[in-house]
Every structure is written in structure tokens, then in C-alpha cells.
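A short write-up of the structure that comes next.
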Amino acid sequence: MASISLRNIDKTYPGNVQVIDHLNLEIKDKEFIILVGPSGCGKSTTLRMIAGLEEITGGEMYIGDRLVNDVPPKDRDIAMVFQNYALYPHMTVYKNIAFGLQLRKVPKEEIDRKVHEAAKILDLEHLLNRKPRALSGGQRQRVALGRAMVRDPSVFLLDEPLSNLDAKLRTAMRTEITRLHKRLDTTFVYVTHDQTEAMTMGDRIVVMKDGYIQQADTPQNLYDYPCNLFVAGFIGAPQMNFIDATIEKKNEQYYVKFLEYSFEIPKEKGDAQTFEKYVGRPIVLGIRPEDIMTDEQHVDAKNKGVIRAQIDIVELMGAEVYIYLLCGDQKLVVRTPSGYHKQAGETAQFALDMSKLHLFDKETEKAICH
């Protein structure tokens with residue numbers, strides 16, 4: 001049993017600097033959970049408190065049914081993988097993986113069996129006699145994972161383990177770590193600032209900002225139903241477009257108005273109870289780049305809000321094109337399949353898929369509808 005329960009957790013540093021404030025989080029047994037957010041949001045501090053490397057100022061933390069507030073790291077049945085690998089440079093790969101077991105006085109035959117099992121899973125068998133300086137970044141990270149694996153921990157804690165790798169290696173290692181989680185069938189808590197890692201790896205993502213959990217949900221739900229402007233802008237690349245707008249009412253129907261445009265809000269987005277209090281008030285319209293169609297896609301105008309905009313930059317990304325637009329004083333990004341033919345400086349029509357719009361309260365930044 002390796003569930004983790006954080007109940008009203010606080011962390012305050014000397015000088016009354018509070019970095020975590022009444023954090024509550026339930027992590028299920030065998031779940032792969034990702035803590036994500038910008039630098040300084042408290043995600044690594046939270047991970048280190050789970051590990052026992054940071055003292056908890058207030059609240060209770062349980063691993064399984066056991067209160068671990070005052071339990072030292074070595075007795076928590078956890079293994080941690082760090083950003084900088086933390087390998088011993090004078091030891092071979094074999095000895096690096098075996099070191100923790102040797103400290104625990106595990107029998108030599110069992111150490112040898114576990115090291116070779118981990119090396120086989122991680123494709124390190126041919127590297128066991130090398131030292132870390134003779135390894136690539138990805139190989140060093142696999143050694144760090146192997147060292148954690150051989151301890152058979154109840155919980156794996158991974159603190160930005162891929163941030164020192166180049167883009168190609170990061171992609172490969174993402175797949176390896178996801179596969180490893182399925183194979184080991186244990187609880188993983190993974191910290192990253194990279195939302196692509198979060199979206200592709202986690203069963204659930206916890207989005208943090210300023211020591212608070214903004215939203216904890218599945219990747220798809222975070223993408224489709226962000227609870228506020230911060231989550232909407234943080235999850236997704238390129239990020240969601242935000243347009244300053246207002247809501248107006250005509251003939252008992254509600255419209256979203258920005259610049260010279262006024263588009264009917266689809267009825268499935270809400271009713272008078274949802275929109276009436278926002279009539280005439282400033283709101284924020286959110287639309288994902290892939291939900292804006294180009295005129296070359298010959299979209300049906302039904303349920304679309306057609307705008308005219310000047311093309312500022314066209315970026316070819318291989319299978320896709322990112323089109324950066326200037327629409328009045330608003331800057332927008334469109335993501336469309338490659339093959340778009342218009343050039344920077346031209347003016348063209350684009351259509352917002354109104355069934356995919358998100359509206360946010362400008363003052364509270366909370367979602368009004370999706």
C-alpha cells in the first residue's frame with residue numbers, strides 16, 4: 001500500500017516566508033501523478049517534504065496508513081531520482097546501482113541479481129563496467145533510475161529528472177519512464193515545469209502556483225475544462241489565446257463581443273443563470289490555437305465566429321504551421337496543418353469555433369463556461 005495523503009500541509013522558511021499554504025492532496029496507490037508549475041510554485045518543496053528532506057511546518061503527511069511527519073527519509077520506503085543524477089564518479093555503473101543495497105547489508109547474490117534485473121530493464125547491461133563520465137546524459141539518468149529501482153520502494157519520487165537532457169533524449173526518456181511505471185506497478189510522484197512532460201506522462205496532473213494547488217485532474221480534463229486563466233494558459237502549447245471581451249444580451253440570447261465583432265454564445269455553454277450577471281462586464285474569451293480555422297480549410301460558417309486579421313509571422317513546424325495574427329490590438333496564434341499558403345503581411349479570414357470557446361471572469365480569473 002503506497003498511497004500518499006497530504007493534509008493541510010504548510011511550509012514556512014525563516015523570516016516567515018511561506019511557500020506552501022494548507023496544501024491538501026490525495027495520491028492513490030500505483031498512481032503516476034505529476035506536480036507541475038512555474039519556478040517557485042512549491043512543487044519541488046512538496047516533493048522534498050514527501051521524501052523527508054524538508055521538514056513540514058504544519059499539517060500531517062501519511063504514506064499508506066502511516067504518519068511520517070517525523071520519520072527520517074531512510075525509513076519512508078521511498079526512492080528519489082534527482083535532476084543532476086547524483087552518481088558517484090569514481091564508481092562503475094554496477095557499483096552505483098548496487099551502493100544502496102550494500103549499505104543495507106543485502107546479501108551479495110541478491111545484489112547481483114537485482115542489479116542485473118534493473119540493468120536489463122533499462123538497457124544498461126553493456127555499460128555496467130563503465131564510469132559515469134563515459135556515459136551520455138540519458139544513460140546517466142537510467143543509472144539513477146536503476147539505483148532507485150533495486151530498492152523496490154513503495155514510492156518513486158522524481159525531481160525534474162529530464163531537465164538536463166536535450167529535446168530528443170527527453171522525448172525518449174519520457175517514454176522509458178512511463179513504461180517503467182507500468183512495469184513496476186508502484187506509485188510515482190514526478191515534478192516538472194514542462195507541461196508537455198506532464199500531459200504525456202501523468203495519470204493525474206497537479207497544477208501549482210504560489211504554493212497553492214490550482215487544479216488537480218486528468219490531462220484531458222485540465223486541457224478541456226481549465227478551472228481558471230492560469231491553468232488555461234499553462235496547459236497547452238502554443239498556449240490558449242486570451243481576448244478581452246464583454247457579454248451582451250439581445251433578444252434573450254447572449255453574445256460575446258470584442259473589437260467590432262459580436263458572436264452568439266452556443267446555448268449548450270450555459271443559460272441566463274450562467275451569463276446574466278456578466279452582461280456589460282469585462283470578461284476574457286479563451287480559444288485554443290487549433291480551434292481557429294483558416295479560410296483555406298473551407299470551414300462551414302455555422303457555429304463559427306469569422307474575423308479578419310493580419311498575418312504577422314508564419315512558422316513551419318513540420319506537420320503543422322503556427323500562424324501569428326494581429327487582430328486590432330489583440331495578438332492571436334493559430335495552429336493548422338502544414339500547407340498554409342498565405343504569407344506574413346497579408347490579411348485573411350479566420351473562424352473561431354464557438355463550440356470550443358472558454359469564458360473567464362476577468363476579475364476573479366475563474367472559468368465561467370467551457
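This one's a predicted model, so the numbers in the text were calculated from it and none came from an experiment. The figures that follow rest on heavy atoms only: side chains count, while hydrogens, waters and symmetry mates do not.
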- Between Thr192 and Glu197, is any side-chain donor less than 3.5 angstrom from a side-chain acceptor? yes

- Item | Flag for Glu248-Tyr254: side-chain donor and acceptor within less than 3.5 Å | no

- Which pairs, with at least one residue in residues 139-151 and sequence neighbours excluded, count as a side chain to side chain donor-acceptor pair (under 3.5 Å)? Ser136-Gln139

- Message: Side chains of Met293 and Asp353, heavy atoms from C-beta outward: is any pair under 4.5 Å?
- Response: yes

- Query: For Leu222 and Val207, which heavy atoms make the closest approach, and how far apart are they?
  - Reply: CD1-CG2, 3.8 Å

- Partner set under salt bridge (Lys or Arg N to Asp or Glu O under 4.0 Å) for Arg281, not counting sequence neighbours: Asp361

- Message: The criterion is ring pair (Phe, Tyr, Trp, His ring centres under 6.0 Å); which residues satisfy it with Phe99, sequence neighbours excluded?
- Response: Tyr88

- Beyond-backbone contact of Pro337 with Glu320, side-chain heavy atoms, under 4.5 angstrom: no

- Hey, what do you get for CD1 (Ile78) to CG (Leu157), rounding to the nearest 0.5 Å? 5.0 Å

- Query: Taking the side chain as C-beta and beyond, is there a heavy-atom pair between Asp244 and Pro282 under 4.5 Å?
  - Reply: no

- Message: Is a donor from one side chain sitting under 3.5 angstrom from an acceptor on the other, for Ser163 and Gln83?
- Response: yes

- What distance do Tyr223 atom OH and Met240 atom CE have between them, rounded to the nearest 0.5 Å? 7.5 Å

- Message: Hydrogens and angles aside, do Glu160 and His193 bring a side-chain donor and acceptor to less than 3.5 Å of each other?
- Response: yes

- Between the CD1 atom in Ile283 and the CG atom in Leu359, the distance rounded to the nearest 0.5 Å is 4.5 Å

- Does Lys362 come within less than 4.0 Å of Glu365, counting only side-chain N to carboxylate O? no

